[in-house]
Amino acid sequence: MRVVIAGGGIGGLTTALSLHAAGFEDVVVCEAAGEIRPLGVGINLLPHAVRELTELGLAERLAEIGVATGELAYFNRYGTPIWSEPRGLDAGYGWPQYSIHRGRLQLLLLEAVTERLGAQAVRTGSRVVPTGPRPGADGLRIEADDLLVGADGIHSAVRAHLFPGEGPPPWNGLVLWRGTTYGEPFLTGRSMIMAGDGTRKFVAYPIETGERTLINWIAERPLDGEAPARGDWNRPADPQRIVEHFADWRFDWLDVPGIISGAEAAYEYPMVDRDPLPYWTSGNVTLLGDAAHAMYPIGSNGASQAIIDARVLAHSLAHGDLAAYEAARRPVTTALQLSNRQMGPEVVMKLAHERAPDGFDDIERVVPLAERTEIAASYKRTAGFDPVSLNERPSWSVTR
């Protein structure tokens, strides 16, 4: 069986590596762009995704380009602590959590695919066209016994083939601005922080450390009017206009307007997702990653879930059971999509603001420890990275 993967992003490339590791030799990645370039800014890879890339033999390469996240901490809009917890190895996982540049990760995966499957396994400038009973790619005929995997993102042509007329991604009225800025380390030097009030939010974490610290940041607020370019991560924005909305967000430990204004470039992204689907697979066509379950960028789960999809798909195919892939993954990602629409673990910032809009001196009187602990633990269970369960779960690697 030949496997044709539509999309050369993180999910598609990890799928190619996973299939190769499981013994599949005829695998082709079709990427619409003429060249795979290191676009985007920072993302977080959670321990469950790092486990999968480690089992694919990429641990050392990841460590070279990522920052091992040591702490996740939430604050209100005044910079007062709400909740913090260790992350990665510091939290007892068997694998790190990495803050990493999305484009550098994509190139790492591309390099590994080229080494293991050969340069011919990735065809750039090859767009999947959803015409006829089965989609085809430019210059590549999809045969009846091929498996087509749609890993082509939130605007997936393969998804559109399965669900014509779905329309644009739904928008929740918020806009994200993203950028990177060289600045001073904050808190532990490996902290991922979120500060906000349930509507406005600022996120920051380092994606490079050493002589200089490169800080990845995200600023979020409601947007008046209609959202432009839904699903386009790379629409340029003016950092100085973003600063206006966070001008007084200066904390003892972080200068938010200083970080935003120090960026060489920033990008605007309306917060959109996709509605959960009733099925992903029809015949020999299936979906993966954002094509299957695009979700709000909450809880650092987008890329991580695509990586897990890839590993479960390869494991299921190696056992001759494509249906097992969807059965294992669709309920989990559907629950996660819906949780993210309710703010996931970030709801603690909303609760703190609703109960103490002018700030607080004692968080225990506002959002008690038991409530904060359960919010964090519940999300880990939903997303599949509860530390005990993850550490004890059997591997999805296929023994050949």
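Just so it is clear, the values below take in all heavy atoms, side chains as well, and ignore hydrogens, waters and symmetry mates. Index from 1, following the sequence.
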**Q** Centroid separation under 6.0 Å, is that true for the rings of Y93 and W95?
**A**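 Not under 6.0 Å, so no.
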
**Q** What is the distance from atom OG of S316 to atom CG of L322, rounded to the nearest 0.5 Å?
**A**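 The OG atom of S316 sits 7.5 Å away from the CG atom of L322.
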
**Q** Side-chain contact, heavy-atom cut-off 4.5 Å: Y98 with V50?
**A**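 With C-beta onward as the side chain, the pair touches.
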
**Q** Would you please say whether a donor-acceptor pair under 3.5 Å links the side chains of S191 and T188?
**A**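 Yes, a side-chain donor-acceptor pair sits under 3.5 Å.
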
**Q** Is the CG atom of D362 crowded by more than 12 outside heavy atoms at less than 6.0 Å?
**A**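 Atom CG in D362 is packed in, count exceeds 12.
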
**Q** Taking everything shown except R127 itself, do over 12 heavy atoms lie less than 6.0 Å from its CZ?
**A**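 Open: at most 12 neighbouring heavy atoms sit under 6.0 Å from CZ of R127.
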
**Q** Locate the shortest heavy-atom distance separating A6 from V128; write the atom from each residue and the value.
**A**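 Taking A6 first and V128 second, the nearest heavy atoms are CB-CG2, 3.2 Å.
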
**Q** To the nearest 0.5 Å, what is the distance between CZ on R87 and OG1 on T69?
**A**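 That separation rounds to 8.5 Å.
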
**Q** Is a donor from one side chain sitting under 3.5 angstrom from an acceptor on the other, for T181 and W217?
**A**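 Yes, side-chain donor-acceptor contact under 3.5 Å.
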
**Q** With no hydrogens and no angle check, do the side chains of Y78 and D197 hold a donor and an acceptor under 3.5 Å apart?
**A**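 Absent: no donor and acceptor within the cut-off.
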
**Q** Should the pair F246 and W249 be assigned to parallel (<30°), tilted (30 to 60°) or perpendicular (>60°) ring geometry?
**A**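 If you compare the ring of F246 with that of W249, the planes turn out perpendicular.
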
**Q** Do E85 and E71 have side-chain heavy atoms sitting under 4.5 Å apart?
**A**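 Counting from C-beta outward, E85 and E71 never come under 4.5 Å.
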
**Q** Check E52 with R393, please: is the shortest side-chain N to carboxylate O separation under 4.0 Å?
**A**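 A salt bridge is present here (some side-chain N lies under 4.0 Å from a carboxylate O).
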
**Q** Could you give the distance from CG (D275) to CG (L338), rounded to the nearest 0.5 Å?
**A**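 Between atom CG of D275 and atom CG of L338 there are 9.0 Å.
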
**Q** Pick one: which of V285, L277, T286 meets side-chain contact (heavy atoms from CB on, under 4.5 Å) with L162?
**A**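 Filter result, single survivor: V285.
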
**Q** How about CD on E264, more than 12 heavy atoms from neighbouring residues, nucleotides or ligands closer than 6.0 Å, or not?
**A**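 It does not: E264 CD has 12 such atoms or fewer within range.
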
**Q** Would you indicate whether E371, at its atom CD, is surrounded by more than 12 heavy atoms from other residues, nucleotides or ligands within a distance under 6.0 Å?
**A**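 Above 12, so yes.
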
**Q** Identify the heavy atoms of E31 and G7 that sit nearest to each other, and give their distance.
**A**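 Between these two residues, the closest heavy atoms are OE1-C, 3.8 Å.
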
**Q** Decide yes or no for L53 and I307: does some side-chain heavy atom of the first lie under 4.5 Å from some side-chain heavy atom of the second?
**A**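 Sidechains of I307 and L53: in contact.
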
**Q** Return yes if some donor-acceptor pair links the side-chain N/O of N44 with the main-chain N/O of L46 below 3.5 Å, else return no.
**A**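 Side chain of N44 to backbone of L46, a donor-acceptor pair under 3.5 Å: no, none is there.
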
**Q** Linking I/L/V/M/F/W/Y whenever any side-chain heavy atoms sit under 4.5 Å apart, do L351 and M194 land together?
**A**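 Result: yes, single cluster for both.
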
**Q** Enter the distance from L147:CG to I5:CD1 here, rounded to the nearest 0.5 Å.
**A**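 One gets 9.0 Å once the value is rounded to the nearest 0.5 Å.
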
**Q** Please find the pair of heavy atoms, one from S397 and one from H315, that lie closest to each other, and give the distance.
**A**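 Reported closest heavy-atom pair: O-CD2, 4.3 Å.
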
**Q** Ignoring hydrogens, what is the shortest heavy-atom contact between R190 and A68? Give both atom names and the distance.
**A**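 Closest approach of R190 to A68: NH1-O, 2.5 Å.
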
**Q** Do the side chains of M1 and D145 get nearer than 4.5 Å, heavy atoms only?
**A**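 The answer is no; the side chains never approach within 4.5 Å.
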
**Q** Less than 4.5 Å apart, side chain to side chain, heavy atoms only: is that true for L174 and L223?
**A**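 With C-beta onward as the side chain, the pair stays apart.
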
**Q** Whether R61 and E111 form a salt bridge (side-chain N of Lys/Arg under 4.0 Å from carboxylate O of Asp/Glu) is what I want to check.
**A**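 Answer for the salt bridge query: yes.
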
**Q** Relative to the ring of W280, is the ring of H293 parallel (under 30°), tilted (30 to 60°) or perpendicular (over 60°)?
**A**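 It falls in the tilted class, 30° to 60°.
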
**Q** Classify the ring geometry between H48 and F385 as parallel (under 30°), tilted (30 to 60°) or perpendicular (over 60°).
**A**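 Taking F385 first and then H48, their aromatic rings sit tilted (interplane angle of 30° to 60°).
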
**Q** Any chance you could measure L287, atom CG, to Y325, atom OH, to the nearest 0.5 Å?
**A**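 These two atoms lie 7.5 Å from each other.
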
**Q** For R116 and H20, which I'm curious about, is there any donor-acceptor pair between the side chains at under 3.5 Å?
**A**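 The criterion, which ignores hydrogens and geometry beyond distance, is not satisfied for H20 and R116.
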
**Q** With the side chain counted from C-beta on, respond yes when P170 and R341 share a heavy-atom pair under 4.5 Å apart, and no when they do not.
**A**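 Contact flag for P170/R341 side chains = yes.
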
**Q** What pair of heavy atoms forms the shortest contact from G150 to A291, and how long is it?
**A**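 Closest approach of G150 to A291, heavy atoms only: O-CB, 3.3 Å.
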
**Q** For R355, does the CZ atom sit with more than 12 other heavy atoms under 6.0 Å from it, leaving out its own atoms?
**A**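 Yes, because the 6.0 Å sphere around CZ of R355 holds more than 12 heavy atoms from other groups.
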
**Q** More than 12 heavy atoms of other residues, nucleotides or ligands under 6.0 Å from CZ of R212: yes or no?
**A**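 For R212, atom CZ is not crowded (no more than 12 foreign heavy atoms under 6.0 Å).
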
**Q** Does a donor on one side chain and an acceptor on the other come within less than 3.5 Å for S339 and T382?
**A**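 On atom types as modelled, these side chains do not qualify, holding no pair under 3.5 Å.
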
**Q** State whether D248 and R77 are salt-bridged, where the test is any N-O pair (Lys NZ or Arg NE/NH1/NH2 against Asp/Glu carboxylate O) under 4.0 Å.
**A**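 Counted as a salt bridge, because a side-chain N and a carboxylate O are separated by less than 4.0 Å.
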
**Q** Verify the distance criterion only: is there a donor paired with an acceptor across the side chains of S395 and E55 at less than 3.5 Å?
**A**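 Indeed, the side chains of S395 and E55 share at least one donor-acceptor pair under 3.5 Å.
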
**Q** May I have the step-by-step check of side-chain hydrogen bond (donor to acceptor under 3.5 Å, both in side chains) for Q305 and R329, ending in yes or no?
**A** CA-CA 9 Å; Q305 294 297 324; R329 295 297 299 147; 2.5 Å; yes

**Q** So do V122 and L117 actually touch side chain to side chain, heavy atoms under 4.5 Å?
**A**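 With C-beta onward as the side chain, the pair stays apart.
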
**Q** Could you tell me if the side chain of W83 sits less than 4.5 Å from the side chain of I375, heavy atoms only?
**A**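 Result no, sub-4.5 Å side-chain heavy-atom pair not found.
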
**Q** Return the minimal non-hydrogen interatomic distance between I298 and N340, and the atom names on each side.
**A**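 Looking at all heavy atoms of both residues, the shortest contact is O-ND2, 3.1 Å.
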
**Q** Any chance you could measure D26, atom CG, to D146, atom CG, to the nearest 0.5 Å?
**A**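 Between atom CG of D26 and atom CG of D146 there are 7.5 Å.
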
**Q** Could K201 and E346 be called an ion pair, given the rule that one side-chain N must be under 4.0 Å from one carboxylate O?
**A**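 Counted as a salt bridge, because a side-chain N and a carboxylate O are separated by less than 4.0 Å.
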
**Q** So that I know where these two stand, are F163 and Y279 an aromatic pair - ring centroids less than 6.0 Å apart?
**A**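 Between Y279 and F163, which both carry aromatic rings, the centre distance is below 6.0 Å.
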
